[in-house]
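Here's the structure we're looking at; comments come further down.
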Amino acid sequence: MPELAAPLIEWYRKNARELPWRAPGFGAWGTLVSEFMLQQTPVNRVIPHLDAWLTRWPAPTDLAAAAPADAVRQWANLGYPRRALWLHRAAVEIRDRHAGVVPRGVDDLLALTGIGDYTARAVAVFAYGDRHPVVDTNTRRVIARAVGGRSQPGPPTRSDLADMAGLLPAGREDAAMFNAATMELGAVVCTARAPRCDSCPITHICAWRTAGYPDTGDDRRRQARYEGSDRQARGAVLKTLRDADAAGIRTDELLADWSDPHQRDRAITSLADDGLIELVNGSARLPH
DNA sequence: TACGCGTGGGG
DNA sequence: TCCCCAAGCGT
């Protein structure tokens, strides 16, 4: 296998976007919050919310002292609001189990609510500089193409971690840079649709290019339709409650005009099950 | 392993 | 107009 890391790192040094979490001394808490927000939400939408969040809660203990409702409100329209709840829980766990300091070990990070394989290693690598494989949708796509010669990656697998580990340079600094560079390439050059192969720094190594850019199929999981879905109903309920005062809204007045009453009821029940809302005295409100 | 989970911008 | 896509996680 030709050397992948060197040209990627060189390209990254010259072309990396200036992003808030890449500023020197950004801090582990900022990194952790940014990674929560970046789970399925695009960079450009995250940036202003990240700034506001860290201004309000500069340390894990600050967020831990707040009510979950405040976290859900501050999350605003970033999407997947369970992440706000999970981030709040993680802050409480960091306060209680790690003396208010974001842990450095991958196992400790994995034990926190809302942190999985990606986020745990992203924090360990980007905040603490340790040597681990970071696997996300970008690195999986870049490796599927450059190494696997395929047009798209398959569904995520446990072996993705070992595949990335096998490509990692020996040194900690280089390894961290390689992780970041592979993600960056996937984000801005080796994109899911219409990749910009003309400006790619590893075309000379790319197995997909060598094979003539074949369409090898695409067995990635498709996202369910949103229009008319329960998710849409949940989103509408939560938006209403974010915009309401702390006392909430009577459940019989909540989304009273929703076209499917059963779906409305399902949304309210499932949100309560998830802890995103509380049902008290016939009213629904964000969790105190 | 496969599914449910928000929201908005771009092709 | 839709459909695709976005630094995933928990179950």
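Chain identifiers are assigned alphabetically (A, B, ...) following the order of the sequence lines, protein sequences preceding nucleic acid strands; residue numbering begins at 1 within each chain.
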When you compare [N] with [M], how far apart are their [atom1] atoms, in angstrom units rounded to a whole number?
N       : M       : atom1 : value
dA7(C)  : dG11(B) : P     : 15 Å
dC3(B)  : dC4(C)  : P     : 16 Å
dG10(C) : dT1(B)  : C1'   : 13 Å
dG8(B)  : dC9(C)  : P     : 23 Å

Under 4.0 Å between any heavy atoms, over every strand shown, what does [X] touch: base, sugar-phosphate, or nothing? Just pick one.
X         : result
Gln223(A) : base
Arg225(A) : sugar-phosphate
Arg141(A) : sugar-phosphate
Leu87(A)  : nothing
Arg22(A)  : base
Trp21(A)  : base
Asp117(A) : sugar-phosphate
Ile115(A) : sugar-phosphate

Take atom [atom1] of [X] as the centre, draw a 6.0 Å sphere, and report whether it contains more than 12 heavy atoms from other residues, nucleotides or ligands.
X         : atom1 : value
Glu253(A) : CD    : yes
Asp96(A)  : CG    : yes
Arg158(A) : CZ    : no
His262(A) : NE2   : no

Of all pairs that satisfy ring pair (Phe, Tyr, Trp, His ring centres under 6.0 Å), the ones with a partner from residues 119-147 of chain A, not counting sequence neighbours: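 Sorted pair list comes back empty.
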
Is [X] salt-bridged to [Y], cutoff N-O under 4.0 Å?
X         : Y         : answer
Arg172(A) : Asp130(A) : no
Lys239(A) : Asp243(A) : yes
Glu10(A)  : Lys14(A)  : yes
Arg196(A) : Asp198(A) : no
Arg264(A) : Asp260(A) : no

Taking every non-hydrogen atom, the tightest pair across Pro20(A) and Leu50(A):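 Closest pair (atom of Pro20(A), atom of Leu50(A), distance): CB-CD2, 4.4 Å.
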
Any side-chain donor near an acceptor of the partner, Thr216(A) and Ser151(A), under 3.5 Å: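 Yes.
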
Polar side chain donor-acceptor pair, Gln152(A) to Arg141(A), under 3.5 angstrom: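 Side chains of Gln152(A) and Arg141(A): no pair found under 3.5 Å.
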
Residue whose nearest DNA chain B nucleotide is more 5′ - Arg83(A) or Thr157(A):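 The 5'-side residue here is Thr157(A).
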
5'-most by nearest nucleotide on DNA chain B - Arg82(A) or Lys239(A):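 Nearer the 5' end of the strand: Arg82(A).
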
Donor-acceptor under 3.5 Å (Arg234(A) side chain, Ala267(A) main chain):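 No.
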
Nearest whole Å is fine: how far is [N] [atom2] from [X] [atom1]?
X         : N      : atom1 : atom2 : result
Tyr226(A) : dG4(B) : OH    : C1'   : 13 Å
Asp274(A) : dG4(B) : CG    : C1'   : 10 Å
Ile277(A) : dG6(B) : CD1   : C1'   : 16 Å
Arg231(A) : dT7(B) : CZ    : P     : 10 Å
Arg158(A) : dA2(B) : CZ    : P     : 15 Å
Arg222(A) : dG4(B) : CZ    : P     : 16 Å

Nucleotide range of DNA chain C lying under 4.0 Å from chain A heavy atoms: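 In short, chain A contacts DNA chain C from dC3(C) to dG10(C).
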
Toward the 5' end of DNA chain C, by each residue's nearest nucleotide, Thr113(A) or Val43(A):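 Closest to the 5' end, via its nearest nucleotide, is Val43(A).
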
Contact list for DNA chain C against residues 119-138 of chain A - heavy-atom distance below 4.0 Å: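 Only Thr119(A), Asp136(A), Thr137(A), Asn138(A) qualify.
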
Identify each atom pair where a protein N or O and an N or O of nucleotides 9-11 of chain B are less than 3.5 Å apart, giving names and distance.
none

Phosphate contact (dG6(B) OP1 or OP2) by Asn77(A) side-chain N/O below 4.0 Å: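 No, outside the criterion.
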
Residue-phosphate contact under 4.0 Å: Arg242(A) side-chain N/O, dT7(B) OP1/OP2: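 Arg242(A) to dT7(B) OP1/OP2: side-chain N or O found under 4.0 Å.
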
DNA chain B contacts made by residues 28-41 of chain A, counting heavy atoms under 4.0 Å: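 The answer is Gln40(A), Thr41(A).
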
Sub-6.0 Å ring centroid separation between Trp57(A) and Trp29(A):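 No, the ring centres sit 6.0 Å or more apart.
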
Enumerate, atom names and distances included, each donor-acceptor pair closer than 3.5 Å involving a side-chain atom of residues 76-86 of chain A, sequence neighbours excluded.
from, atom 1, to, atom 2, distance (Å)
Asn77(A), OD1, His49(A), NE2, 3.4
Tyr80(A), OH, Arg231(A), NH2, 3.1
Arg83(A), NE, Tyr80(A), O, 3.3
Arg83(A), NH1, Phe36(A), O, 3.0
Arg83(A), NH1, Met37(A), O, 2.9
Arg83(A), NH1, Gln39(A), O, 2.7
Arg83(A), NH1, Thr41(A), OG1, 3.4
Arg83(A), NH2, Thr41(A), OG1, 2.8
Arg83(A), NH2, Leu78(A), O, 3.2
Arg83(A), NH2, Gly79(A), O, 2.7

